[in-house]
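To start, the structure itself, in structure tokens.
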Amino acid sequence: MKAGVPRGLRQVVCLRLGNLSCRWASGTQPKASKSGLEEKQRKDRVKWRQLEHRGPYFAPAYEPLPEEVQFCYDGKPVKLSLAAEEVATFYGKMLDHEYTTKEVFQNNFFNDWQKEMTVEERCLIKHLDKCDFTEIHRHFIDKAAAWRALPREEKQKLKEEAEKLEQEFGYCILDGHREKIGNFKMEPPGLFCGRGDHPKMGMLKRRIRPEDVIINCSRDSKIPEPPAGHQWKEVRSDNTVTWLAAWTENVQNSIKYIMLNPSSKLKGEKDWQKYETARRLKGVVNEIRSQYRADWKSLDMKKSQRGVALYFIDKLALRTGNEKEESRTADTVGCCSLRVEHVRLHRHANGHQHVVELDFLGKDSVRYHNCVPVEKPVFWNLQLFMANKDPGDKLFDKLTTSSLNKHLQDSMDGLTAKVFRTYNASTIFQEQLQVLTRAEDSTAAKILAYNRANRAVAIYCNHQRAAPKTFEKSVRNLQTKIQAKKIQIAEAQEELRKAEVDHRIKGDGKSKRILEKKQRLLQKLEEQLGHLSTQAIDKEENKHVALGTSKLNYLDPRISIAWYINLSWGPCGRPGLFCDKDVPDQMSLMLSSMPQVLPPLSFGMVWGGTSNGLEHEGQVAAQPTGSRR
DNA sequence: TTGGGGACTTGCTATGAAATAA
DNA sequence: TTATTTCATAGCAAGTCCCCAA
């Protein structure tokens with residue numbers, strides 16, 4: 001990249017560029033769609049002509065425990081059969097994990113474990129609380145420690161073997177291009193770790209054999225060889241799908257796939273299309289917003305519920321909320337599946353009128369808790385929807401996700417509820433970058449601005465994380481550094497003062513040089529302090545916010561690039577150059593010539609969306625709170 | 001119209017490599 | 001050189017949305 005660009009700033013955007021350059025660069029991106037029809041045609045057309053790969057890499061066979069590692073039952077050592085021992089190691093490995101303290105996990109594990117036992121073992125081992133897995137647990141801890149302690153050469157050797165494996169199994173040929181596969185290693189057997197209060201947690205995920213796997217490749221390609229002595233469940237050639245191999249997992253009875261890496265042309269094109277669809281939404285979003293406002297007044301409950309639900313989806317980034325099988329998954333909801341018990345209405349709260357309090361577990365059992373002032377008709381409608389219902393009843397009982405999406409399709413081809421998340425996320429990101437960035441700021445301040453814009457989106461999407469384990473310690477370390485820097489600055493100030501006096505007395509060239517040197521030192525130290533302080537703020541603000549998901553899935557990379565280039569090379573002298581129509585071609589040109597010449601562009605025209613009216617600064621203060629339950 | 005399966009995207013955590021500081 | 005921190009990504013769970021059959 002071009003020299004002279006502040007290093008830190010480059011780093012923060014390189015994260016996006018790196019992602020983008022492999023996903024969209026090399027001229028692989030499709031042209032921007034001219035119409036919804038074209039997009040549909042592209043979606044429906046045959047996806048590939050040639051697909052060749054080596055098939056999945058299977059997990060190594062179970063390696064029995066050494067003789068000295070014993071499992072004990074009721075205080076006595078018991079030599080388990082191989083199958084039972086293997087499942088016991090799954091539990092033993094997890095002994096220090098919270099999962100093994102949960103009753104559901106324990107019961108499911110024990111139930112499935114018993115199925116793997118011999119008749120004699122089943123007669124003997126009746127209660128989990130009499131099982132002692134501590135030696136097994138210690139064995140795996142020691143094994144991990146031994147691995148860490150391996151000499152550098154040994155580790156290097158293992159690394160080279162892994163690389164060789166990746167070269168062999170980790171790539172496929174798709175229409176003449178060598179593409180990276182996302183997950184070429186078959187998932188090893190283990191215990192199912194569902195999130196939240198998942199009723200199936202602890203169940204045995206059984207080992208997948210070649211006989212369970214369907215291979216997808218082109219007819220004329222070299223069919224992957226199954227491991228010796230085995231055969232595939234099926235070999236097919238379906239060029240309307242993108243997966244290379246598929247199998248059904250036993251816990252949830254769902255299909256799992258081997259697919260391409262996000263860096264592949266195929267995934268990159270889909271990613272591109274996603275953002276183009278979201279950008280098309282800006283052309284109709286005002287109309288949709290007017291429509292859902294009009295629907296609030298409708299006497300038809302279907303319409304008024306749909307209007308309020310769309311308002312939530314648009315304003316609060318709620319997920320669509322498909323129906324789920326109650327007894328087989330954790331109890332999580334989205335917009336359409338909200339229940340009365342998830343909503344509380346406050347006529348006055350926190351100095352606002354018509355406040356809606358939403359409190360529910362969303363995707364991955366992450367808690368969404370938000371008190372948000374809403375428009376008056378929304379408030380009264382909600383009151384109506386909740387009237388005469390039990391807490392466990394559906395809030396939007398006349399609404400389904402399919403009817404909602406069908407309605408959206410009428411407004412725009414390809415529009416579904418989840419497009420609003422992408423659209424609003426990227427719009428907020430661009431707006432926040434504009435608001436928070438000043439050209440005259442230091443690099444550290446610009447990085448902070450970038451991260452804050454990213455954070456505004458992550459908060460909007462309720463992307464949370466558990467605070468890193470080392471968080472408190474690293475904050476302390478940073479504070480120590482700040483204090484040390486302050487002391488250094490005080491000393492430098494004192495030395496500068498002395499140098500000034502010395503120069504005033506002597507007035508010669510040497511004392512002048514010393515004075516200038518001290519001034520430079522002080523300036524440098526103050527800059528370093530500024531950088532450290534900014535880092536501390538950034539770290540603290542980011543304690544519970546996960547930036548990665550929005551960065552990867554919701555923020556159009558072109559916004560980052562436009563911002564970065566604008567800050568590095570100044571605003572565009574040719575307004576209108578980067579107008580919507582030209583975005584893909586401009587990006588293509590820009591990326592292909594990234595190291596040499598970068599065309600000017602006008603930041604602010606990449607998306608140029610219409611805000612959803614949410615006060616993002618305000619929402620940061622009243623952000624959804626809570627964590628996984 | 002509905003329910004379920006299939007295909008795909010989104011999301012969080014753990015881990016290990018690379019970068020950075022001491 | 002070593003310790004610590006940061007960052008990318010592997011791993012896999014859990015969503016969304018489309019399609020098809022009953």
Side-chain angles (χ1 to χ4, degrees), chain A residues 7 11-12 14-15 18-19 43-44 47 97 144 147-148 155 159 162 166 170 180-188 190 192-196 198 200-201 205 214 216 238 240-243 246 248-249 251-257 259-263 266-267 270-271 274 319-325 328-330 332-337 361-366 400-406 408-409 414-419 421-422 425 458 461-466 468-471 473-475 477-478 480-481 484 532 535 538-539 542 546-554 627-628:
Chain A
R7 194 154 149 266
Q11 277 169 347
V12 74
C14 270
L15 204 122
N19 207 356
K43 206 163 127 187
D44 291 343
K47 289 191 173 78
H97 203 287
W147 190 90
R148 280 195 299 274
K155 277 189 180 167
K159 201 178 155 190
E166 189 177 329
K180 201 170 176 197
I181 299 171
N183 54 328
F184 66 90
K185 285 182 187 164
M186 198 51 89
E187 290 175 24
F192 175 74
C193 296
R195 293 164 194 165
H198 200 294
K200 295 191 171 187
M201 63 166 75
K205 260 173 47 165
I214 302 171
N216 193 30
D238 183 354
T240 66
V241 296
T242 64
W243 51 266
T248 304
E249 58 89 33
V251 176
Q252 313 214 71
N253 201 34
S254 66
I255 308 171
K256 293 207 165 186
Y257 304 93
M259 289 201 185
L260 294 172
N261 188 273
S263 65
L266 198 79
K267 290 278 186 193
K270 290 212 162 203
D271 205 34
K274 176 182 75 184
R319 292 186 190 83
T320 326
N322 286 320
E323 289 298 325
K324 296 169 64 185
E325 286 180 89
R328 292 164 62 177
T329 54
T332 62
V333 295
C335 185
C336 294
S337 50
L361 294 185
K363 183 177 178 181
D364 292 314
S365 295
V366 172
T400 65
T401 53
S402 65
S403 70
L404 183 72
N405 281 336
K406 212 169 170 191
L408 290 172
Q409 298 276 346
L415 181 61
T416 61
K418 89 182 177 84
V419 178
R421 260 168 94 86
T422 313
C461 293
N462 198 36
H463 290 149
Q464 299 185 27
R465 65 166 182 177
K469 283 171 194 157
T470 55
F471 185 82
K473 192 181 157 216
S474 70
V475 165
N477 288 351
L478 202 50
T480 310
K481 280 185 199 168
L532 286 171
Q535 262 187 324
D538 205 16
K539 192 183 273 285
N542 229 31
L547 301 184
T549 303
S550 51
K551 202 173 275 182
L552 206 58
N553 299 302
Y554 290 104
S627 55
R628 195 177 285 184

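What you see below is based on every heavy atom in this structure, not just the backbone, and it leaves out hydrogens, waters and symmetry mates. Not measured: the values here are computed from a predicted model. Every chain is numbered from 1 and lettered A, B, ... according to where its sequence line falls, protein lines coming before strand lines.
Protein atom CZ of Arg195(A) is 9 Å distant from nucleotide atom P of dG15(C), rounded to whole Å. The CZ atom of Phe192(A) sits 9 Å away from the C1' atom of dA14(C) (whole-angstrom rounding). Remark: P of dC12(C) and NZ of Lys256(A) are 7 Å apart, rounded to the nearest angstrom. One interatomic measurement links the two molecules: CG of Asn405(A) to P of dT16(C), which rounds to 10 Å at whole-angstrom precision. Atom P of nucleotide dC7(C) and atom CG of Leu547(A) are separated by 10 Å, given to the nearest angstrom. Put simply, CD1 on Ile255(A) is 18 Å from P on dC12(C), counting in whole angstrom units. As a whole-Å value, the separation of Gln409(A) CD from dC17(C) P is 10 Å. Between Phe471(A) atom CZ and dT13(B) atom P there is a gap of 15 Å when expressed in whole angstrom units.
In this structure, a donor-acceptor pair under 3.5 Å is present between the side chains of Ser254(A) and Glu249(A). Side chain to side chain, Asn405(A) and Thr416(A) fail the donor-acceptor criterion of an N or O pair below 3.5 Å. Judged by distance alone, the side chains of Ser337(A) and Lys324(A) never bring a donor and an acceptor atom under 3.5 Å apart.
Between Lys363(A) and the phosphate of dC12(B), there is no side-chain N or O to OP1/OP2 separation shorter than 4.0 Å. In this model, the phosphate group of dG15(C) is not approached by any side-chain N or O of Asn322(A) to a distance below 4.0 Å at OP1 or OP2. Contact between the side-chain N/O atoms of Arg328(A) and the OP1/OP2 oxygens of dA13(C) is not found at any separation under 4.0 Å. Contact between the side-chain N/O atoms of Tyr554(A) and the OP1/OP2 oxygens of dG11(B) is found at a separation under 4.0 Å. The phosphate of dC12(C) has neither OP1 nor OP2 within less than 4.0 Å of any side-chain N or O from Gln252(A). Checking the phosphate oxygens (OP1, OP2) of dC17(C), no side-chain nitrogen or oxygen of Thr401(A) falls inside 4.0 Å. Here Lys159(A) does not reach the OP1 or OP2 of dG16(B): none of its side-chain N or O atoms lies under 4.0 Å away. One finds no side-chain N or O of Thr329(A) lying less than 4.0 angstrom from the OP1 or OP2 phosphate oxygen of dA14(C). Neither OP1 nor OP2 of dA14(C) sits under 4.0 Å from any side-chain N or O of Lys324(A). Regarding contacts with the backbone of dT16(C), every side-chain N or O of Thr416(A) stays at 4.0 angstrom or more from both OP1 and OP2.
Put simply, the side chain of Asn542(A) reaches to within 4.5 Å of the side chain of Arg465(A), judged on heavy atoms. Counting only heavy atoms from C-beta outward, the side chains of His463(A) and Leu547(A) never approach each other to under 4.5 Å. A heavy-atom distance below 4.5 Å is found between the side chains of Cys336(A) and Leu404(A). Side-chain contact between Trp243(A) and Ile214(A): present, with at least one pair of heavy atoms (C-beta onward) separated by less than 4.5 Å.
Within 4.0 Å (heavy atoms only), Pro468(A) reaches no atom of the nucleic acid at all. Residue Ala417(A) is classed as a sugar-phosphate contact, given heavy-atom separations below 4.0 Å to backbone atoms only. At the heavy-atom level, Gly321(A) lies under 4.0 Å from the strands shown only through sugar-phosphate atoms. Among the atoms of the strands shown, only primed sugar atoms or phosphate atoms (P, OP1, OP2) are found under 4.0 Å from some heavy atom of Thr242(A). Among the protein residues, Lys205(A) comes within range of the sugar-phosphate backbone only, with heavy atoms under 4.0 Å from sugar or phosphate atoms but none that close to a base. Across all strands, Arg421(A) comes closer than 4.0 Å only to sugar-phosphate atoms, never to a base (heavy-atom distances). Using a 4.0 Å heavy-atom distance criterion, Glu166(A) is classed as making no nucleic acid contact. Among the protein residues, Glu323(A) comes within range of no part of the nucleic acid, since none of its heavy atoms lies under 4.0 Å from any strand. Among the protein residues, Lys539(A) comes within range of the sugar-phosphate backbone only, with heavy atoms under 4.0 Å from sugar or phosphate atoms but none that close to a base. Thr400(A) comes within 4.0 angstrom of nothing in the nucleic acid, heavy atoms only. Residue Ala466(A) is in sugar-phosphate contact alone, with no base atom involved, counting any heavy-atom pair closer than 4.0 Å across all strands shown.
Taking only side-chain atoms of Glu187(A), from C-beta outward, the nucleotide of dA10(C), dC12(B), dA13(C) with the closest atom is dA13(C). Ranking dA22(B), dT9(B), dC12(B) by closeness to the Lys481(A) side chain, first place goes to dA22(B). You'll find that the side chain of Lys267(A) is closest to dC8(B), out of dT13(B), dA14(C), dC8(B). Listed candidates were dT16(C), dG11(B), dC12(C). Nearest to the side chain of Pro188(A) is dC12(C). In the set dA14(C), dA7(B), dT16(C), the nucleotide with an atom closest to the side chain of Thr320(A) is dT16(C). Among the nucleotides dT13(B), dG6(B), dT10(B), the one closest to any side-chain atom of Tyr257(A) is dG6(B).
A residue-by-residue look at Val241(A) and Trp147(A) shows that Val241(A) has its nearest nucleotide of DNA chain B further toward the 5' end. Nearer the 5' end of DNA chain C, as judged by each residue's closest nucleotide, is the contact made by Leu478(A), out of His198(A) and Leu478(A).
No more than 12 heavy atoms of other residues, nucleotides or ligands shown are found within 6.0 angstrom of NZ on Lys406(A).
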